There are 2 protein chains.
Amino acid sequence: MKTADPELMRAINRFHVMDAIRRFGPLSRVEISERTDLSPTTVSAITAALLDDRLIAILQLGGLRDASRGRPRVMLRLNPEAARVVGVKLAPDLITVAVTDFCANLISKLSLPIRIRRQTPAVIADLVEDGVRRCVSDAELEMKDIAGLCVGLPGVVANATGVCRQSPIFSERDVGFGELLSRRLGVAVAVDSDVNLVALAEHWFGQGRELDDFLVVSIERSLGLGILHKGELFRGANGLSPDLGDFLVRGAARLGDLATEDSLLAEVESFAGESDGLYAHDKAVARAVQRAEAGEAKYAQALARAGEALGFAIANLITLFAPPKVLICGRALAGSERLLTPLRATVAALLPPSLADVCEIVVREWSDDIWVRGAAAMTLRELYGASWGTTGPAKPGPEN
Amino acid sequence: MKTADPELMRAINRFHVMDAIRRFGPLSRVEISERTDLSPTTVSAITAALLDDRLIAILQLGGLRDASRGRPRVMLRLNPEAARVVGVKLAPDLITVAVTDFCANLISKLSLPIRIRRQTPAVIADLVEDGVRRCVSDAELEMKDIAGLCVGLPGVVANATGVCRQSPIFSERDVGFGELLSRRLGVAVAVDSDVNLVALAEHWFGQGRELDDFLVVSIERSLGLGILHKGELFRGANGLSPDLGDFLVRGAARLGDLATEDSLLAEVESFAGESDGLYAHDKAVARAVQRAEAGEAKYAQALARAGEALGFAIANLITLFAPPKVLICGRALAGSERLLTPLRATVAALLPPSLADVCEIVVREWSDDIWVRGAAAMTLRELYGASWGTTGPAKPGPEN
DNA sequence: CGCTTTAATACGCTTTGCGGATTAAATGTG
DNA sequence: CACATTTAATCCGCAAAGCGTATTAAAGCG
């Protein structure tokens, strides 16, 4: 751990103040003092420095006076113009890019429905570069205005180095995607598992706001697992984010081969003999789900098997992390009771009795926005000053 | 997180100094300065305070002079007499108690081979109380000399509250064992999963000394899992330590029903029809292992199945934690290649390729001592001052 | 006996957070 | 409209922390 000196002290308390303002909306200094347990004096000093750095700003009072006497409180809020960051989400058939301000509000967004699977990392990096430049330009900004960028992608990512160990969107392993991008764009680039970003976004903006421990499971073309543990994103040694698809379930099969959209389609095609065109993936999934909902036995069974397999893995994860909540998302699959009911039943059946009532499983539907906002939030976290304990993102070297 | 003030700063740096001295033997002030990145001045101030508190002592130079000129270094070491603590390990058929000094060296030890399984918590607490008092008396100390006590037991333990959610040695659930004991003995009592204690002991004294991430798996009458993650013991939300036996493996069976000594014996008895006496448990296990080693097919298969089941669970854990090392221990089972070879093979077969070469699986034989030393270390950690982030052990209330 | 070398400390400086007194800015009241 | 009241924010002085420089301590070497 880093050695403690006054500078670290200030960094920690500064972050506490920033975090309080971010989480609990516009706050007055007294309120910050109450929330952070810092003395009013200290809060005053820190907020003065933050105002000086233009990281926060005074909210022009919008009429709302609280009905009490005394000097009115001066409300402070994050200064949206303090910085702009870029969030990128890579999926097998879609690149999403967004530029946000310092409050993680979208300024501009761009979706590129491109099948990038099986392209070389260099080609993908080129595509992303183009998308980012375009999106930044749409926001009427230049690259030099961008303080940082974060990429979320499915697979196993070593966050500390920006290396993607393995991913369904890369045909190679150990792709140094962070460096590829930071060299192209000249900004600091962080790379992380896509679901980690949603977990962070949930913690910042969503349902996990009050929770310091929860799991996020995403069921799309691949399976993702994001873990918020004790208020921090959980990563393995080396900063590795695991891939839920790599988990094993009964019969020693990879969960990724049993419970993804792709595995479902493969199974469905095997009975129907029908094959959908390459670009009809979403529709094919939706149709399969509809048939299951309608009660067609084979389809329902396929979904149920997937749900049971997921339940198995989730039960093990609950045993380990004991989170009060598990959030499940996914474009179509996650909405179907044909999948969820067996999933919940499996979890309930398999959880040890001592953990039976610990955890609630919740389905959550997300727009694409939350992913890129999460990516932006990941970068903002650094800018807020959280970087004292962790190693920051890969910065573009002056050489090269 | 706690708010940062000068006091916290000092606590952190004090702990760094203590930790450096503990880990790297007797150290001079300059060496501490190098190891901790603290300035010589600060080290001087802190060590002066520690000497004043008698937590460390000056090592009477034992002849060894380094061949250089200049003022000789004054070597500092932990003062063994700074405090005494008690470690307790509970197993289904054995209570082990030890008193150690401030360096976690044994002063006295006591083993009580008692079948405590199915006794009421109150009775068990009575037995432990007697053992502790006896052992303390053997060490020629009184209870008031004891600074703290830590109990390790198999099962799911909520460390923060001292409550054992579920354990093979308790017939009830949610046993507030920490409070039971602290009330009886009048000292602070911590309760933790037994394997967590070994993990800590390994980190302090053993093979994990240089590692900040590793797993410990113990295979005895029940299965234990201890996780050291980023230099800290890993616990779930609420401070819950998971039980490896609760993990599920192929076929949705509890691992605890497949790969413990007890499950092996049950299976063995089913083919042989032979039943060993209650007190011959260890011998029965050893005999079954011997038969397997000798090549008796059924026995070998039983061990292989257990090994595969363990391998399945361990592969999932490696996927999640990506630890460079997994330590496996267990009185008899862990020593047998009939179990280990299938275990290793299963892990190798199931691990995703991106993690294939990350982790080494090592078998480690432990004496009973390490468990109780680990328990002592857990208490010492508090005394060294590590308690700034975590909630301490259950202290005996003045009321009651 | 003095010189050199290394270890440890003393002193002064800067920074931090905090408590108490003070100022700022509103409302209420005679 | 002057003045008290109330609440928010700040100013001032203090104590404690870590660090850098200069100083002292304790050995060997010639």
Side-chain angles (χ1 to χ4, degrees), chain A residues 1-17 20-21 26-52 56-76 385 388, chain B residues 1-17 20-21 26-53 56-77 385 388:
Chain A
M1 191 192 299
K2 192 187 171 305
T3 149
D5 54 14
E7 201 179 333
L8 174 71
M9 214 160 93
R10 202 41 180 291
I12 293 175
N13 287 338
R14 235 176 104 116
F15 177 72
H16 280 160
V17 170
I21 297 175
L27 284 184
S28 66
R29 292 172 176 82
V30 257
E31 291 167 312
I32 296 171
S33 169
E34 286 161 10
R35 294 235 181 238
T36 59
D37 284 320
L38 292 165
S39 78
T41 313
T42 304
V43 172
S44 222
I46 291 178
T47 52
L50 292 173
L51 281 167
D52 208 54
I56 61 175
I58 292 172
L59 180 68
Q60 297 308 346
L61 59 98
L64 73 145
R65 297 274 317 104
D66 48 355
S68 81
R69 308 205 304 179
R71 178 177 175 174
R73 304 176 166 187
V74 178
M75 303 310 270
L76 301 171
W388 71 76
Chain B
M1 191 194 300
K2 193 191 170 305
T3 150
D5 55 14
E7 199 180 334
L8 174 71
M9 214 160 95
R10 201 43 180 286
I12 293 175
N13 288 339
R14 236 176 102 116
F15 177 73
H16 281 159
V17 170
I21 298 176
L27 285 183
S28 66
R29 291 175 175 82
V30 256
E31 290 168 310
I32 296 172
S33 169
E34 286 160 10
R35 295 239 181 234
T36 58
D37 285 318
L38 292 165
S39 79
T41 314
T42 304
V43 172
S44 223
I46 292 178
T47 51
L50 292 173
L51 281 166
D52 209 55
D53 294 348
I56 62 175
I58 293 173
L59 181 67
Q60 297 307 346
L61 57 102
L64 74 144
R65 297 274 314 105
D66 50 352
S68 81
R69 309 203 301 177
R71 177 175 175 175
R73 302 176 166 189
V74 178
M75 304 309 273
L76 302 170
R77 63 188 177 92
W388 72 74

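Residue numbers start from 1 in every chain, and the chains themselves are labelled A, B, ... in the order their sequence lines are given, proteins ahead of strands. Quantities reported herein were computed from a predicted structural model and do not represent experimental measurements.
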Should [X] be listed as having a side-chain N or O under 4.0 Å from OP1 or OP2 of [N]?
X	N	answer
A:Asn13	C:dT16	no
A:Thr42	C:dC18	yes
A:Arg10	C:dT16	yes
B:Arg73	C:dA7	yes

Nearest whole angstrom, please: distance from the [atom2] of [N] to the [atom1] of [X].
X	N	atom1	atom2	value
B:Leu38	C:dA8	CG	P	15 Å
A:Lys2	D:dC19	NZ	P	9 Å
A:Glu31	D:dA8	CD	C1'	11 Å
B:Asp37	D:dC19	CG	C1'	13 Å
A:Ile12	D:dG18	CD1	P	13 Å
A:Leu76	D:dA8	CG	P	13 Å
A:Ile32	D:dA9	CD1	C1'	12 Å
B:Ile58	D:dA25	CD1	C1'	14 Å

For A:Thr47 and for A:Asp5, find the nucleotide of DNA chain D with the closest heavy atom, then tell me which residue's nucleotide is more 5'.
-> A:Thr47
Pick base, sugar-phosphate or nothing for B:Val74, based on heavy-atom distances below 4.0 Å to the nucleic acid.
-> sugar-phosphate
Reckon B:Ala45 touches a base, only the sugar-phosphate, or nothing at all at heavy-atom distances under 4.0 Å?
->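 Touches nothing.
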What nitrogen or oxygen pairs link the protein and nucleotides 21-24 of chain D at under 3.5 Å?
none

For [X], all residues meeting side chain to side chain donor-acceptor pair (under 3.5 Å), sequence neighbours excluded:
X	value
A:Thr41	none
B:Thr42	B:Ser39
B:Asp53	B:Arg14
B:Arg29	B:Thr47

Could you please name the option among [options] that lies closest to any side-chain atom of [X]?
X	options	value
A:Pro6	C:dT4, D:dC19, C:dT15	C:dT15
A:Met9	C:dG17, D:dA8, C:dA8	C:dG17
A:Arg69	C:dG17, D:dA8, D:dT5	D:dT5

Start with the C-alpha distance between A:Thr3 and B:Thr36, add both sets of side-chain angles, then the distance that settles side chain to side chain contact (heavy atoms under 4.5 Å, CB included), and finish with yes or no.
-> CA-CA 7 Å; A:Thr3 149; B:Thr36 58; over 6 Å; no
Report the residue from A:Ile58, A:Leu27, A:Leu59 that forms a side-chain contact (heavy atoms from CB on, under 4.5 Å) with A:Val74.
-> A:Ile58
Minimum-distance pair of heavy atoms, taken over all atoms of A:Ala4 and B:Asn13 |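 That closest heavy-atom pairing would be O-ND2, 2.9 Å.
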Could I get the full list of side chain to side chain contact (heavy atoms under 4.5 Å, CB included) partners for A:Ser28, not counting sequence neighbours?
->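 In terms of side chain to side chain contact (heavy atoms under 4.5 Å, CB included), with neighbours along the sequence ignored, A:Ser28 is linked to A:Val30, A:Glu31, A:Arg73, A:Met75.
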